[in-house]
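Atom set for the values below is all heavy atoms of this structure, side chains included, hydrogens, waters and symmetry mates excluded.
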Amino acid sequence: QVHLVESGGGLVQPGGSLRLSCEASGHRYNIYTMGWYRQTPGGQREWIASITRGGASNLSVFVKGRFTITRDTAKNTVFLQMNSLKPEDSGVYLCSADIPPPGRPSGNYLYWGVGTQVTVSS
């Protein structure tokens, strides 16, 4: 059973920084892409960042220049460095991992963590 556990969230003032971590375990196959999503209080889920197994990253236009996504593939861990935080960045940050079985294409076997709360408030 795949298990994703996020950590690092908390309360921070505008302009501050947080570093989120997510470790995957229990998976039988290789993890390809890992990513971060933000779930707002209104229930909307917004893609924030993703990174491939080879280290190619992509960021939402809303966070480019402020956030950085990295991963330690050997440790099945993805990170999100969040700088210059704004109140609108607040939400539950969910970690995802794409773990396709052998012979299946990547992108269609997503697993999710339960999230870590990020609150940006003065």
Side-chain angles (χ1 to χ4, degrees):
Q1 185 177 12
V2 179
H3 194 199
L4 299 176
V5 180
E6 301 97 336
S7 62
L11 175 64
V12 65
Q13 293 186 342
S17 298
L18 288 172
R19 185 173 184 259
L20 307 183
S21 300
C22 172
E23 183 178 2
S25 62
H27 49 283
R28 299 180 180 181
Y29 315 117
N30 290 334
I31 301 173
Y32 284 81
T33 299
M34 302 187 78
W36 290 96
Y37 292 75
R38 182 178 66 93
Q39 187 165 294
T40 68
Q44 303 174 72
R45 190 181 68 190
E46 180 182 39
W47 171 76
I48 298 297
S50 60
I51 185 166
T52 69
R53 186 174 181 85
S57 63
N58 200 6
L59 296 169
S60 166
V61 297
F62 298 106
V63 304
K64 280 186 176 180
R66 299 188 297 119
F67 292 8
T68 303
I69 185 170
T70 56
R71 73 186 286 177
D72 187 335
T73 301
K75 295 183 177 180
N76 305 302
T77 302
V78 64
F79 306 93
L80 186 67
Q81 179 65 48
M82 310 165 67
N83 299 326
S84 302
L85 283 162
K86 305 174 181 179
E88 51 263 44
D89 294 322
S90 298
V92 175
Y93 280 72
L94 306 174
C95 172
S96 70
D98 183 21
I99 313 174
R104 299 301 182 97
S106 62
N108 298 311
Y109 295 88
L110 300 180
Y111 296 84
W112 300 87
V114 298
T116 184
Q117 178 70 49
V118 172
T119 303
V120 185
S121 177
S122 60

Report summary line: dist Lys64:NZ -> Ile48:CD1 (nearest 0.5 Å) comes out at 12.5 Å

**Report entry** Derivation of the side-chain contact (heavy atoms from CB on, under 4.5 Å) call for Arg71 and Ile31
**Finding:** CA-CA 11 Å; Arg71 73 186 286 177; Ile31 301 173; 3.7 Å; yes

Query raised in the report: Side-chain contact, heavy-atom cut-off 4.5 Å: Ile69 with Val78?
Result: yes

Query raised in the report: Taking all non-hydrogen atoms of both residues, which atom of Leu110 and which atom of Asp98 are closest, and how far apart?
Result: CD2-CB, 3.7 Å

Query - From Thr77 atom OG1 to Lys75 atom NZ, the distance as rounded to the nearest 0.5 Å - result: 7.5 Å

Query raised in the report: CH2/Trp36 to SG/Cys22 distance, rounded to the nearest 0.5 angstrom?
Result: 5.0 Å

Query raised in the report: Does the ring of Phe79 carry Arg19 above it, NZ/CZ under 6.0 angstrom from centre and within 45° of its axis?
Result: yes

Query - Cluster check Leu18, Leu59: I/L/V/M/F/W/Y, side chain < 4.5 angstrom - result: yes

Query raised in the report: What pair of heavy atoms forms the shortest contact from Arg104 to Tyr109, and how long is it?
Result: NH1-OH, 3.0 Å

Query raised in the report: Hey, what do you get for CD1 (Ile51) to OH (Tyr32), rounding to the nearest 0.5 Å?
Result: 16.0 Å

Report summary line: Closest non-hydrogen contact found for Asp89 with Arg66 is OD2-NH1, 2.7 Å

Query raised in the report: Does the side chain of Ser96 come within less than 4.5 Å of Tyr111's, by heavy atoms?
Result: no

Query raised in the report: Between Tyr37 and Trp112, is the gap from one ring center to the other below 6.0 Å?
Result: yes

**Report entry** Flag side-chain contact, heavy atom, 4.5 Å: Val118 against Met82
**Finding:** yes

For residues 1-17, run the donor-acceptor check on the side chains, cut-off 3.5 Å, and write out each pair with its distance to 0.1 Å, sequence neighbours left out.
residue : atom : partner : partner atom : Å
Glu6    : OE1  : Val114  : N            : 3.3
Glu6    : OE1  : Gly115  : N            : 2.9
Glu6    : OE2  : Cys95   : N            : 2.7
Glu6    : OE2  : Gly115  : N            : 3.2
Ser17   : OG   : Asn83   : OD1          : 2.9

Query raised in the report: So, the side chain of Ser90 versus the backbone of Val120: is there a donor-acceptor pair under 3.5 Å, distance only?
Result: yes

Query raised in the report: Any idea which heavy atoms bring Leu20 and Thr116 closest together, and the distance?
Result: CD2-CG2, 4.0 Å

Query raised in the report: How far apart are the closest heavy atoms of Met34 and Asn76, and which atoms are they?
Result: CE-O, 4.1 Å

Report task. Please lay out, stage by stage, how Leu80 and Thr68 fare under the test side-chain contact (heavy atoms from CB on, under 4.5 Å). Result -> CA-CA 6 Å; Leu80 186 67; Thr68 303; over 6 Å; no

Report task. Would you list the pairs meeting salt bridge (charged side-chain N to carboxylate O under 4.0 Å, His left out) in which at least one residue belongs to residues 38-60, sequence neighbours left out? Result -> Arg38-Glu46

